[in-house]
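Counting begins at 1 with the first residue of the sequence.
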Amino acid sequence: QVQLVESGGRLVQAGDSLRLSCAASGRTFSGYAMGWFRQIPGKEREFVAAVLQTNSNPFYADSAKGRFTLSRNSAKNELYLQMNNLKPEDTALYYCAAGRGPILSTMRQPGAYDYWGQGTQVTVSS
């Protein structure tokens with residue numbers, strides 16, 4: 001059974017840093033695109049960052065550029081999101097996703113991914 005389990009979310013203050021982790025099990029994701037999305041109630045799931053292949057460079061949403069860093073440990077089947085200088089508008093439920101299908105033109109679309117975790121809540125107070 002394929003599982004993605006996120007962790008690391010919590011309540012922090014503006015300007016703080018957090019590192020989210022995503023542990024994958026049930027298969028190796030070395031050939032998969034993997035990414036992070038976030039969602040707040042009443043809004044659509046929003047792209048944050050993704051990496052298409054194991055050793056390729058990550059892509060970021062404009063809101064994440066310069067503050068967030070995606071990294072991947074294929075040996076451990078894990079994905080990370082280092083978030084610095086957090087802002088209240090970063091408050092959301094953060095999801096890890098994996099899929100074989102995402103390409104450059106589709107990687108920002110949630111529908112391109114096959115597997116999702118349950119999410120980890122990040123709350124940034126002002």
Q) Is there side-chain contact between Cys96 and Met34, with at least one heavy-atom pair below 4.5 Å? A) yes
**Q.** Side-chain touch Tyr94/Gln121, heavy atoms, less than 4.5 angstrom
**A.** no
Q.
Does Gln118 have more than 12 heavy atoms from other residues, nucleotides or ligands lying within 6.0 Å of its CD?
A. no
Q) Can any side-chain N or O of Glu6 pair as donor or acceptor with the backbone N or O of Gly119 at less than 3.5 Å? A) yes
Q. What class does the angle between the rings of Phe29 and Tyr115 fall in, given that below 30° is parallel, 30 to 60° is tilted and above 60° is perpendicular?
A. perpendicular
**Q.** Residue pair Thr91 / Ile40, side-chain heavy-atom distance below 4.5 Å
**A.** no
**Q.** Closest non-hydrogen atom pair, Val124 against Lys87
**A.** CB-O, 3.3 Å
(Q) Quick check for you: to the nearest 0.5 Å, what is the distance between Arg67 atom CZ and Thr69 atom OG1? (A) 11.0 Å
Listed pairs under 3.5 Å, donor-acceptor, residues 12-19 side chains, sequence neighbours left out:
from: Asp16; atom 1: OD2; to: Gln13; atom 2: N; distance (Å): 3.0
from: Ser17; atom 1: OG; to: Asn84; atom 2: OD1; distance (Å): 3.0

Q: Tell me yes or no: between the side chains of Glu78 and Tyr80, is some donor less than 3.5 Å from an acceptor?
A: yes
**Q.** Which atom of Ala98 lies closest to which atom of Tyr32, heavy atoms considered
**A.** C-CD2, 4.3 Å
Q: Please tell me if the side chains of Asn77 and Arg27 come closer than 4.5 Å, counting only heavy atoms from C-beta onward.
A: no
**Q.** Closest non-hydrogen atom pair between Val48 and Ala64, with its separation
**A.** O-CB, 3.8 Å
Q. Roughly how far apart are Phe47 CZ and Ser63 OG, rounded to 0.5 Å?
A. 9.0 Å
**Q.** Between CG on residue Asp90 and CZ on residue Arg38, distance to nearest 0.5 Å
**A.** 5.0 Å
Q. Does Met107 offer a backbone N or O that forms a donor-acceptor pair with the side chain of Tyr113 under 3.5 Å?
A. yes
Q. Strictly under 6.0 Å, is that where the ring centroids of Trp36 and Phe68 end up?
A. no
Q | Side-chain donor/acceptor of Glu46 to backbone N/O of Gln39, under 3.5 Å | A | no
Q: Please report the closest heavy-atom contact between Leu52 and Ser56, naming both atoms and the distance.
A: N-OG, 3.5 Å
Q. Are any non-hydrogen side-chain atoms of Pro110 and Trp116 less than 4.5 angstrom apart?
A. yes
Q | Spacing of Cys22 atom SG and Leu81 atom CG [to the nearest 0.5 Å] | A | 10.5 Å
Q. At what distance, to the nearest 0.5 angstrom, does CG of Leu79 lie from OG of Ser21?
A. 9.0 Å
**Q.** From NZ (Lys65) to CG (Asp62), nearest 0.5 Å
**A.** 4.5 Å
Q) Do the numbers put Arg45 on top of the ring of Tyr95, so that NZ or CZ is under 6.0 Å from the six-membered ring centre and no more than 45° off the axis? A) yes
Q. Counting only N and O atoms by type, is there a donor-acceptor contact under 3.5 Å from the side chain of Tyr60 to the main-chain atoms of Leu70?
A. yes
